Q: 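The structure under discussion is supplied below as structure tokens; questions concerning it will follow.
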Number of protein chains: 2
Amino acid sequence: MKETRLGEFEEVLLLLVGILGEDAYAFKIAEEFESQTQRAVSIGAVHSTLNRLSEKGFLTSEMGSSSPERGGRRKRIYTITAIGRRVLEEARDFKVSLWQQYPGFANG
Amino acid sequence: MKETRLGEFEEVLLLLVGILGEDAYAFKIAEEFESQTQRAVSIGAVHSTLNRLSEKGFLTSEMGSSSPERGGRRKRIYTITAIGRRVLEEARDFKVSLWQQYPGFANG
DNA sequence: TATATTAGTTCTACAATTTAGAATATAATG
DNA sequence: CATTATATTCTAAATTGTAGAACTAATATA
């Protein structure tokens, strides 16, 4: 198995999938990313990252069977796997631990 | 000026520079990285990242004037700039905010 | 039932970050 | 001054990050 490294953008997208729950499909994720970061992102960037995350085993996905409001293709809904969640937690804990060692930030 | 994005490895290295203070030179940073992550890293990886971080204005550096124990080239000591520190804090705050929105992690 | 409209994914390509390791430089010591 | 130890600098390649065009499918409406 490959190393389970997590890039910056990958980490944020993984977190967004967790936050969005049932609504975790590419378009919505891109929207949410933009509203939370004030930073533009292309839909292609989101899709290819979501694919990579799936290949690594951090996400699963399935086509939504529902009927959209106006029309359009069916959504692909993403879900975090147990491994994905663990990797996310490890990344968080590691950063927290580093911040605690940073002089002047120990109790802030 | 380019966008001030911070990659995953860049962020960790920046934090390590802050933690190491006077001892923040490439070799030591690499050692510290390995001991904190249980993950091997090449010295070249550290050097090129430190350079990039400097070009972005997140780090400054100067040659140490001291004499080492046995021999060897003089160290290049790195220091975080005010911008570097701000970028680091922003990255941290953003992640914290995302975790707070993640159902099941709000108070943990 | 053909066509326009809307919503969404897939594909292709390129830029930036991350990674490794060889080459080189410098200082102390015998 | 040759050898050894300590570091940096350089070169190159793999992985991530990014953009946008092409494509697909469902619905509405004429």
Side-chain angles (χ1 to χ4, degrees), chain A residues 1-14 16-17 20 23-34 37 39-56 58-59 61-78 87 91, chain B residues 1-14 16-17 20 23-34 37 39-56 58-59 61-78 87 91:
Chain A
M1 189 190 287
K2 287 296 298 298
E3 280 281 357
T4 57
R5 203 76 71 264
L6 202 57
E8 153 69 11
F9 190 56
E10 290 179 331
E11 185 180 353
V12 174
L13 253 47
L14 212 42
L16 252 17
V17 168
L20 288 169
D23 284 327
Y25 61 98
F27 247 77
K28 197 82 172 197
I29 292 169
E31 259 180 41
E32 192 67 15
F33 182 92
E34 296 198 330
T37 59
R39 184 174 131 197
V41 71
S42 80
I43 185 65
V46 174
H47 274 293
S48 58
T49 300
L50 251 16
N51 285 343
R52 255 199 304 265
L53 251 12
S54 299
E55 282 165 11
K56 289 180 179 176
F58 300 157
L59 288 177
S61 68
E62 51 181 18
M63 287 319 248
S65 55
S66 64
S67 53
E69 289 139 34
R70 167 69 177 77
R73 203 166 174 170
R74 284 189 309 169
K75 305 169 176 66
R76 177 174 289 280
I77 308 293
Y78 290 86
V87 167
Chain B
M1 191 190 290
K2 287 295 298 297
E3 281 279 357
T4 58
R5 202 77 71 262
L6 202 57
E8 152 69 12
F9 190 57
E10 291 180 330
E11 185 180 354
V12 174
L13 253 47
L14 212 42
L16 252 16
V17 168
L20 288 169
D23 284 327
Y25 62 99
F27 247 76
K28 197 81 170 200
I29 292 169
E31 258 180 42
E32 192 67 15
F33 182 92
E34 297 198 330
T37 59
R39 186 173 128 196
V41 71
S42 78
I43 186 65
V46 173
H47 274 293
S48 60
T49 301
L50 251 16
N51 285 343
R52 211 173 331 112
L53 251 11
S54 299
E55 281 164 13
K56 289 180 179 177
F58 300 157
L59 288 177
S61 68
E62 51 181 19
M63 286 320 247
S65 55
S66 64
S67 53
E69 289 138 35
R70 166 67 180 77
R73 202 166 173 170
R74 284 190 308 171
K75 305 168 175 66
R76 177 175 289 280
I77 308 294
Y78 290 87
V87 167

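Because only heavy atoms are used, hydrogens play no part in the values below, and waters and symmetry mates are left out as well, while side chains stay in. A note on names: the letters A, B, ... follow the listed sequences, proteins ahead of strands, and every chain is numbered from 1. Every value quoted in this text rests on a predicted model; they were computed, and no experiment measured them.
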Q: Please check the phosphate of C/dT17 (OP1 and OP2 only) for any side-chain N or O of B/Lys56 closer than 4.0 Å.
A: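 Checking B/Lys56 against C/dT17: at least one side-chain N or O falls below 4.0 Å of OP1 or OP2.
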Q: Are B/Arg74 and C/dA25 close enough that a side-chain N or O sits under 4.0 Å from OP1 or OP2?
A: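 Checking C/dA25 against B/Arg74, no side-chain N or O comes under 4.0 Å of OP1 or OP2.
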Q: With distance as the sole test, does B/Lys75 use its side chain to make a donor-acceptor pair with the main-chain N or O of B/Asp23 at under 3.5 Å?
A: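 Pair absent, no side-chain N/O of B/Lys75 close to backbone of B/Asp23.
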Q: Considering heavy-atom distances to DNA chain C, does A/Glu8 or A/Arg76 have its closest nucleotide positioned more toward the 5' end?
A: A/Arg76
Q: If you go through the side-chain atoms of B/Arg73, does one of them form a donor-acceptor pair with the base of D/dT8 closer than 3.5 Å?
A: yes
Q: How would you label the contact of A/Phe9 with the nucleic acid (heavy atoms, under 4.0 Å): base, sugar-phosphate, or nothing?
A: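 Sugar-phosphate, backbone atoms only, no base.
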Q: Give the C-alpha distance, both sets of side-chain angles, the deciding distance and a yes or no for salt bridge (charged side-chain N to carboxylate O under 4.0 Å, His left out) between A/Arg5 and B/Glu8.
A: CA-CA 9 Å; A/Arg5 203 76 71 264; B/Glu8 152 69 12; over 6 Å; no
Q: Under 4.0 Å between a side-chain N/O of A/Tyr25 and OP1 or OP2 of C/dT9, yes or no?
A: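 Indeed not, no polar side-chain atom of A/Tyr25 lies that close.
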Q: Would you name the heavy atoms of B/Leu14 and B/Phe58 that are closest together and state the gap between them?
A: CD1-O, 4.0 Å
Q: Kindly write out the residues that satisfy salt bridge (charged side-chain N to carboxylate O under 4.0 Å, His left out) with A/Glu32, not counting sequence neighbours, or none if the list is empty.
A: none
Q: Name every residue in residues 43-54 of chain B that has at least one heavy atom under 4.0 Å from any atom of DNA chain D, in order of residue number, or write none if there are no such residues.
A: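 Nucleic-acid contacts, sorted: B/Ile43, B/His47.
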Q: Of all the choices, C/dT18, D/dA19, C/dT17, which nucleotide is nearest to the side chain of A/Ser42 once you look at every atom?
A: D/dA19
Q: Can a side chain N or O of B/Arg5 be found less than 4.0 Å away from OP1 or OP2 on D/dT16?
A: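 For B/Arg5, the contact criterion (side-chain N or O under 4.0 Å from OP1 or OP2 of D/dT16) is not met.
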